[in-house]
2 protein chains.
Amino acid sequence: METVTDNQKLKVAKKLKKMFGHIDLKTETYCPIRDVMALASDKWSILIMLYLGYFPVLRFNKLKKYVYGISNKVLSERLKMLESDGYLTRTMYPEVPIRVEYQLTNFGHSYLRKLLELTEWATSHGDTVIKNRKKFKTA
Amino acid sequence: METVTDNQKLKVAKKLKKMFGHIDLKTETYCPIRDVMALASDKWSILIMLYLGYFPVLRFNKLKKYVYGISNKVLSERLKMLESDGYLTRTMYPEVPIRVEYQLTNFGHSYLRKLLELTEWATSHGDTVIKNRKKFKTA
DNA sequence: AACTTAAGTATTAAAATGGAAACTGTTACT
DNA sequence: AGTAACAGTTTCCATTTTAATACTTAAGTT
């Protein structure tokens with residue numbers, strides 16, 4: 001069973017007030033959730049970040065193997081964006097064949113710590129979601 | 001500056017080991033991140049969840065006003081999915097004109113708590129991301 | 001009689017995204 | 001000469017997503 005106390009709800013409300021309170025809900029001011037999160041909380045980005053947390057250094061093809069299902073195009077796009085936003089570094093060694101290594105920056109690690117909270121929740125509550133989904137479909 | 005200690009990295013590694021350790025990285029087993037998170041960490045879903053955390057009860061058009069930019073179609077789709085997965089409830093009052101109210105379930109609240117960790121991070125580090133992005137573009 | 005409201009559904013067209021597979025470039029091996 | 005490895009990029013096509021607008025239902029208001 002879910003146990004969410006009123007106290008916890010209050011804490012959440014307080015945090016949300018802090019987040020939303022100063023934003024004029026009518027005008028379209030800059031919103032980090034639409035901008036920052038939209039990229040970094042996408043399915044592929046999450047998996048890339050997690051694998052780069054698990055293995056300190058990864059090369060393109062290894063990453064592609066772990067994040068199975070991703071295409072070359074999307075992987076290289078996501079890597080470029082994550083690099084651009086400062087979550088990871090791309091180091092190229094001009095050997096032959098060329099070697100390119102990806103690893104998290106400290107900034108990326110700082111994000112990963114928070115991300116992990118969410119994925120842990122998802123991992124441990126995934127079955128509940130599936131159950132809910134099934135119940136909803138038959139209802 | 002980012003301050004990520006080795007100790008913190010160790011903790012993250014431990015958590016990741018717990019998450020990934022038992023998964024055969026080669027075969028495609030069920031993955032809650034691809035399934036559960038993909039829906040619930042999407043840009044629109046996040047905003048919907050946050051606003052429903054901020055306002056305990058919201059109706060369709062209010063929600064649409066807050067989550068500006070979302071279309072009727074997408075909003076109603078997302079609401080249906082979030083309801084199906086158990087994050088929120090939809091209550092219909094057969095008045096005229098009809099009234100429909102959305103609110104978070106306890107399950108949804110439990111997710112929101114974790115989500116908030118991430119959005120708080122994004123809110124406070126958004127400017128760093130923008131800075132990184134700019135630097136990368138000009139480099 | 002026409003207008004308004006609420007919560008969507010339907011429609012259409014435009015835009016973005018996604019996947020599959022071919023291609024690039026260099027070097028080493030067979 | 002042909003093939004393989006690496007790390008992508010590029011191209012083409014199909015699907016998905018998005019925006020914008022119109023429509024629905026049914027009672028109450030002007």
Side-chain angles (χ1 to χ4, degrees), chain A residues 28 31 33-35 37-48 51-52 55-85 87-104 136 139, chain B residues 28 31 33-35 37-48 51-52 55-84 87-104 136-137 139:
Chain A
E28 315 190 354
C31 171
I33 292 157
R34 289 156 192 273
D35 181 9
M37 294 275 302
L39 161 70
S41 80
D42 139 271
K43 179 177 84 173
W44 296 125
S45 302
I46 292 179
L47 288 168
I48 291 170
Y51 280 111
L52 279 176
F55 303 97
V57 175
L58 280 174
R59 301 168 65 176
F60 190 86
N61 280 324
K62 261 278 160 63
L63 209 40
K64 196 188 157 185
K65 211 176 287 172
Y66 292 136
V67 187
Y68 62 84
I70 198 169
S71 71
N72 284 8
K73 185 186 165 190
V74 174
L75 179 54
S76 86
E77 268 174 11
R78 287 291 187 287
L79 285 171
K80 218 172 282 174
M81 289 197 290
L82 290 171
E83 188 198 357
S84 149
D85 281 8
Y87 299 109
L88 54 84
T89 57
R90 187 194 123 108
T91 317
M92 196 173 65
Y93 300 91
E95 307 168 352
V96 171
I98 196 171
R99 179 163 56 102
V100 179
E101 291 184 345
Y102 296 92
Q103 52 190 316
L104 292 183
F136 188 80
Chain B
E28 316 191 353
C31 171
I33 292 159
R34 289 154 192 274
D35 181 10
M37 294 274 301
L39 161 70
S41 80
D42 140 271
K43 178 178 86 175
W44 295 127
S45 301
I46 291 179
L47 288 168
I48 292 170
Y51 279 111
L52 279 176
F55 304 97
V57 175
L58 280 174
R59 301 168 65 173
F60 190 86
N61 279 326
K62 262 278 161 64
L63 210 38
K64 195 187 157 189
K65 210 177 290 172
Y66 291 136
V67 186
Y68 63 86
I70 197 169
S71 69
N72 285 8
K73 189 186 164 196
V74 173
L75 179 54
S76 86
E77 267 174 13
R78 286 292 186 288
L79 285 171
K80 220 173 279 172
M81 288 196 291
L82 290 171
E83 188 197 358
S84 149
Y87 299 109
L88 54 83
T89 57
R90 189 193 119 109
T91 318
M92 195 173 67
Y93 300 90
E95 307 167 350
V96 171
I98 195 174
R99 178 163 58 101
V100 179
E101 291 184 345
Y102 295 92
Q103 52 192 316
L104 292 183
F136 188 80
K137 221 191 279 178

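In what follows, every heavy atom counts, from backbone to side chain, and hydrogens, waters and symmetry copies are set aside. Naming: A, B, ... by sequence-line order, numbering from 1 per chain. Just so we're clear, the structure is a prediction, and the values are computed from it rather than from any experiment.
Across the protein-nucleic acid pair, B:E95 atom CD and C:dG8 atom P stand 14 Å apart, rounded to whole Å. Atom CE in A:M92 sits roughly 11 Å away from atom P in D:dT9 (whole-Å rounding). At whole-Å resolution of the value, CE in B:M81 and P in D:dT16 are 13 Å apart. Nucleotide D:dG8 holds its P atom 9 Å from the NZ atom of A:K80, rounded to whole Å. To the nearest angstrom, P of C:dA21 lies 11 Å from NZ of A:K64. Atom-to-atom, CD1 of A:I70 to C1' of D:dA7 comes out at 14 Å; the value is rounded to the nearest Å. One interatomic measurement links the two molecules: CD of A:E77 to P of D:dT9, which rounds to 9 Å at whole-angstrom precision. Whole-Å rounding puts the A:K43 NZ to D:dT16 C1' distance at 13 Å.
One finds a side-chain N or O of B:Y102 lying less than 4.0 angstrom from the OP1 or OP2 phosphate oxygen of C:dG8. For A:S76, no side-chain nitrogen or oxygen approaches OP1 or OP2 of D:dA7 to under 4.0 Å. Regarding contacts with the backbone of D:dT17, every side-chain N or O of B:R78 stays at 4.0 angstrom or more from both OP1 and OP2. Phosphate contact (OP1/OP2 of C:dA7, side-chain N/O of B:R59, threshold under 4.0 Å): present. Dashed line: the shortest gap from a side-chain N or O of A:K73 to OP1 or OP2 of D:dT11 is not under 4.0 Å.
Across the interface with DNA chain C, nearest-nucleotide mapping of A:S71 and A:P97 shows A:S71 to be the residue nearer the 5′ end. Comparing A:R90 and B:W44, the nucleotide of DNA chain D nearest to each residue sits closer to the 5' end for A:R90.
If you check distances only, the side chain of B:N61 never reaches the base of C:dT5 with a donor-acceptor pair under 3.5 Å.
Contacts of B:K62 with the nucleic acid, taken as non-hydrogen atoms under 4.0 Å apart, are absent.
Contact check for B:L75 versus B:V67: no side-chain heavy atoms found under the 4.5 Å cut-off. Residues A:R34 and B:Y68 are in side-chain contact: their nearest non-hydrogen atoms beyond the backbone lie under 4.5 Å apart. When side chains are defined from C-beta on, B:R78 counts as touching B:D42, because their heavy atoms get closer than 4.5 Å.
Side-chain atoms of A:S45 come within 3.5 Å of backbone N or O of A:L39 as a donor-acceptor pair. Between the side chain of A:D85 and the backbone N or O of A:Y87 there is no donor-acceptor pair closer than 3.5 Å.
When distances run from any side-chain atom of B:F60 to the nucleotides C:dG8, D:dT9, D:dA7, the shortest one goes to C:dG8.
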